[in-house]
Structures are given as C-alpha cells and as structure tokens.
Number of protein chains: 2
Amino acid sequence: MRRGLEFKKKARIIIVDDNYEHLSGIKELIEIESDFDVVATATSASVAISLIKKYRPEIVLMDINMPEKDGLTAIAEIEKLDLGVRIIALTGYDDPDLIFRAMKIGAKGYILKTMASAQLIYAIDEVAAGKIYLPAALSSRFFEYFQKSFKEENQELSDEENLLNYLTQREEEVLDLLTQGITYKGVAQKLFISETTVKTHVNNIFQKLQVNDRTQAVLYALNNGFLNRRKVKIAI
Amino acid sequence: MRRGLEFKKKARIIIVDDNYEHLSGIKELIEIESDFDVVATATSASVAISLIKKYRPEIVLMDINMPEKDGLTAIAEIEKLDLGVRIIALTGYDDPDLIFRAMKIGAKGYILKTMASAQLIYAIDEVAAGKIYLPAALSSRFFEYFQKSFKEENQELSDEENLLNYLTQREEEVLDLLTQGITYKGVAQKLFISETTVKTHVNNIFQKLQVNDRTQAVLYALNNGFLNRRKVKIAI
DNA sequence: AAAGATTTAGACCATATGGTTTAGAAAAAG
DNA sequence: CTTTTTCTAAACCATATGGTCTAAATCTTT
C-alpha cells in the first residue's frame, strides 16, 4: 500500500504564550491558514505541561519569554517526559544564546514572532514532518555562536604552549590510563611493564606538564584537549 | 559616501578537490554562472594551504574526502592561520558527523556535490556576505546529531543515581578543591580545618561516590555534572 | 657509525594518601 | 527536647605516590 493515497492526519497543536493577545493571534492564524488542529492553549508553562500530558499533541509552540517558569525550563521538562512532543520555540528577538540553549535541550524549531505568518506555518509543517527547522537567518546566528564557543574553548593554548604536545607516545599511553583513574599497578599490568617503569614515566609526565601529582596531571590533560579528538567540549 | 554606488568587489575563490574532473566542473560552473573569481585550484590540501597563503582569497571551497591530508584537518589548519578566509565544505553525501565536525572547526558553509548548481552559487553568495550557510536539509541533519549527542551526555544519570547528590555541603566544598588539584594540606588551609578532618571528609566522599582514590573522585565529579550548571559538555 | 631520544627498570627514601575506629561539639530534624 | 546528621579531630597503620639518581636496551636521526 505504499505510495498510495495518504490521509495525512492533522497535527494537533498546543500553543503556550503568557501574552493572551499573541496567543489568540497565533491560534487564529493557524486555524485559518493551515490544516493544523489547535487542541489547547495555555498562558503559563505549568498549565501547559499538564495540558500536554492530557492531550498528547504532536506539536507545541512555546513562548520562551514568560514570567514564573520560563520557556526553556519548560521545554527541558517536557523533553524529559519523553512523550514524543515536538516543540517549536518562539521569541520576539533573535538572541543567539536563547536559540542555542533551546536547540540544545531539544527544541525542534525556533521562530521569531516578527516573522511572516507563512514562515510559521512552514516551520510547523516541517517539524510535524519530523524535521528540525531553523530559518536561515536564525541558523546563521546559531552557528556563529556555536563556532565562537568552540573557538574560545579550543584555542586556549597554541601547540607550543600546550605541554601535552611534548609527551612521548608511551607517556601519552600512561597518561591516558591515569585519566581513567587507574593506579600505577593497574597501568603496569595493562602496558605489560613494571611498576617502577610506570613511575618513571609518570615522573617525566609531571615534569613536562609542570605539575606535582596525578590529579593535577589528569586535570591538565582533560582541560587541554587530551583525547579531544573524539570528545568535544563546548563551554556556554 | 555611504549608500552611494558600491562596486562590489568580486569575491576571490580557491577550489580544492582531489578529483580533477570535479574540480574543473565546479570551476567552470562558478566562472560561467557567477561573478566570483576563481584565482586558483588545488588537488591536495597541502598545495591548497600554500595557495591560500599566497592569494588570500575570501572563499575556499574544500572537498572533505581527500586522500593524504583530509579536508577536515586542512580546514582546521587554515582556520588556525586566522587569515579571514571563509571555508565552504563540500562532500558527496550528508554524513551528519562530517557536517558537525566541519562546522565545529569553523567551516562557514557545507554543501553536497549532488546539489543543484544554483544552490552552490547561492551558498557562496551567502558566505561571501558574511553569513554562515547550511541548506535546510543539512541543517536538519546537523541538529539531529547535535541534539542526540546532548541527550546521551546529559541523561546519563538521574538525580537519584548521581551519587554527587548525596554529598553534604562540606563534602562538596572539599571535592570542589580536589577538582582543582589541591592537596589535603592545601584544602585544610583553605577551609581552616585540620588535615585529619579533610581526610575524614575525603574518606566519606570516597564511600559515597564508591571510588577509592582522589583521581577517581575527581573524574566522577567532572563526568557527572559537578559544577556543570555553567559548563556544558557534548560528547561526539 | 655516532649521537640523541625513548623505553625499560632498579635502588632508596620521604611523604602523601587511604582505611578504620573512636569521639566530642554543633547544627538540623523530629 | 531528644534524635540524627554533620562537622570536627585524633590515633594508628599500610600502602601508594612522588623525587632523585643511575643505567642498560632499543629505536631514531643524522
């Protein structure tokens, strides 16, 4: 029966906005200009959450700037419930930090209230279809923020300044095991060398990293990109 | 002289692709269908880098899948030079991991070779204008990957499972200092308590976190969100 | 082939760390 | 106003860790 006639089920929507004017404006817009079904509206995050549990909508339009419980916390809570609700965040302005945090905690889309109504409908359409949608303008802001945070975090030290680059291969292996909380005895066993050899390596590592104990060496390693070819940190 | 006639300087481009067919195809396309100026081409990353240093183009189109030095490493190196070159990554398929890594290290755009030529021109246009451009389809892939990695990292432990939540205030203070690589003696001085008291706290911490040494305690703390209300990690 | 770096490993010693128990004072919870 | 928890601190001991020096075998580089 594939590729046959598909009766596309109307996506059910809940709209959340503390401003009643906005709320009803958006509601009308959706009811008039789209096929979606606004099953409920809420003017506070806490009410919204109970409504979501009750109606199990496909889509939630969530205003971020609300007093009391703010929209971001609400999104995080709803995502934690894991009901499969797809949340589109809504704000008045394109603060990249807000965009970043919303997307981070699981929003499937983000639109500005100032955007054309067609854009809102399109966004809902895309998100209802399982995609994640960010308008090009917001996407651009997001990525600038994203890259900036990476740059700051990663380029703390140049290659010459990063003392990790002076370690030999074997020293790296030893340090790697230390960053897993393994004792010297354990390291010796894993690397098939004697414990005294491990101690020699460790002492060399200390000198090269200019630290005086295991914990500091591990912290230096973690803070300066050791193993960061797989694991990536971003600071926000 | 603002808002006067602006002679928009043609953006200068260098194209990098190990496949010569592709390379000349793209070159012709750009020369015929756009205003951009292809100042050079390269079939390897290392050649590309010297050409970039020489010509200082505004835009670089960089193929990711190349033998020898791969495109991602090349992008990272070029970004490190900090010449203000804006790099657009180019691949045959939409691997979200590749997209994520490319954007992470600073690519200003990402397009597929299979995309329409108009799309390529548009991307260059946007990136040359200072924006970051990801076609909606790739952007969607990116965000799925992005959110998945956050979800995995953040929802490792529930509040009850996270042993850090069983620590007392004083124990948290001690652990905090340990995560800074401070010795027991140092902790004692900072908290104005005796060293034996520190040891008592530390032993209690070990029991609560189910570890047997300082390094493991520090690693547990760092891996399980101690101090993570400000810093956010994502694992890839 | 020679020089240098890396990896291995021992001796020796000092001290920091970890394990266990006991216990009083202070604070919080009931 | 008890009871419980937290914070403080000591004694005691075993062992892991760290500092320094020496040195041979192996691998790299010139």
Side-chain angles (χ1 to χ4, degrees), chain A residues 159-227 229, chain B residues 46 159-227:
Chain A
D159 285 352
E160 303 96 53
E161 286 168 339
N162 193 334
L163 302 175
L164 289 172
N165 293 325
Y166 299 108
L167 298 181
T168 66
Q169 274 196 0
R170 203 53 160 175
E171 286 162 357
E172 281 191 4
E173 290 180 67
V174 172
L175 182 55
D176 184 25
L177 295 173
L178 291 189
T179 61
Q180 295 172 38
I182 301 176
T183 63
Y184 292 177
K185 201 169 284 180
V187 173
Q189 284 173 2
K190 292 226 173 199
L191 298 184
F192 303 107
I193 55 181
S194 89
E195 205 178 327
T196 59
T197 304
V198 175
K199 285 173 60 176
T200 308
H201 286 310
V202 169
N203 275 307
N204 291 333
I205 292 171
F206 289 170
Q207 291 200 346
K208 290 190 181 180
L209 301 187
Q210 294 165 19
V211 299
N212 10 281
D213 63 43
R214 222 165 80 246
T215 310
Q216 291 177 3
V218 168
L219 287 170
Y220 187 95
L222 297 181
N223 288 329
N224 295 100
F226 194 67
L227 293 184
R229 273 126 222 179
Chain B
S46 32
D159 286 352
E160 302 96 55
E161 286 169 336
N162 193 334
L163 302 176
L164 290 174
N165 293 326
Y166 298 107
L167 298 182
T168 67
Q169 274 196 358
R170 202 53 160 173
E171 286 162 358
E172 280 192 5
E173 290 180 68
V174 172
L175 182 54
D176 185 26
L177 294 173
L178 291 189
T179 61
Q180 296 172 37
I182 300 177
T183 64
Y184 292 178
K185 201 169 285 180
V187 173
Q189 282 173 3
K190 293 226 173 201
L191 298 183
F192 304 107
I193 53 180
S194 89
E195 205 178 328
T196 57
T197 305
V198 175
K199 284 173 61 177
T200 309
H201 286 310
V202 169
N203 274 308
N204 291 334
I205 292 171
F206 289 170
Q207 290 198 348
K208 290 189 180 177
L209 300 187
Q210 294 166 17
V211 299
N212 8 281
D213 62 44
R214 222 165 79 246
T215 310
Q216 290 177 3
V218 167
L219 288 171
Y220 188 95
L222 297 181
N223 287 331
N224 295 100
F226 195 66
L227 295 182

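Order of the sequence lines fixes the chain letters, A, B, ..., with proteins taken first and strands second; residue numbering starts at 1 for each chain. Note that this is a predicted model, so its numbers are computed, not measured.
Distance OG1/A:T179 to CG/A:L219: 11.0 Å, rounded to 0.5 Å.
Look at CD on A:Q210: it is 13 Å from P on D:dG19, rounded to the nearest Å. What separates CG of A:L178 from C1' of C:dT17 is a distance of 16 Å, to the nearest Å. In this structure, A:R214 places its CZ atom 10 Å from P of C:dT17, rounding to the nearest Å. As a whole-Å value, the separation of B:N203 CG from C:dT22 P is 15 Å. Remark: P of D:dA16 and CZ of B:F206 are 14 Å apart, rounded to the nearest angstrom. In this structure, A:K185 places its NZ atom 9 Å from P of D:dT15, rounding to the nearest Å. As a whole-Å value, the separation of A:E173 CD from C:dT6 P is 14 Å. Atom pair B:D213:CG and C:dG19:P shows a separation of 8 Å (rounding to whole Å applied).
Among B:R214, B:Q180, B:Q216, the one residue that satisfies the side chain to side chain donor-acceptor pair (under 3.5 Å) test with A:T215 is B:R214. When each of B:V198, B:T197, B:V202 is checked for a side chain to side chain contact (heavy atoms under 4.5 Å, CB included) with B:V187, only B:V198 meets the rule.
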Requested in this report: Please lay out, stage by stage, how A:K208 and A:L163 fare under the test side chain to side chain contact (heavy atoms under 4.5 Å, CB included).
Outcome: CA-CA 7 Å; A:K208 290 190 181 180; A:L163 302 175; 5.8 Å; no
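Legend: residues meeting salt bridge (Lys or Arg N to Asp or Glu O under 4.0 Å) with B:K199, ordered by chain and number and at least two apart, are absent.
Residues A:L191 and A:H201 form no side-chain contact, since every pair of their non-hydrogen atoms from C-beta on lies 4.5 Å or further apart.
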Report all interatomic pairs (protein N or O, nucleotide N or O of nucleotides 4-11 of chain D) with separations under 3.5 Å.
unit_1, atom_1, unit_2, atom_2, d
D:dC7, OP1, B:R170, N, 3.1
D:dC7, OP2, B:T168, OG1, 2.3
D:dT8, OP1, B:R170, NE, 3.2
D:dT8, OP1, B:R170, NH2, 2.7
D:dT8, OP2, B:R170, NE, 2.8
D:dT8, OP2, B:H201, NE2, 2.9
D:dA9, OP2, B:S194, N, 2.6
D:dA9, OP2, B:T197, OG1, 2.9
D:dA9, O5', B:T197, OG1, 3.3
D:dA9, N7, B:T200, OG1, 3.3
D:dA10, OP2, B:S194, OG, 3.4
D:dA10, OP2, B:T196, OG1, 3.3

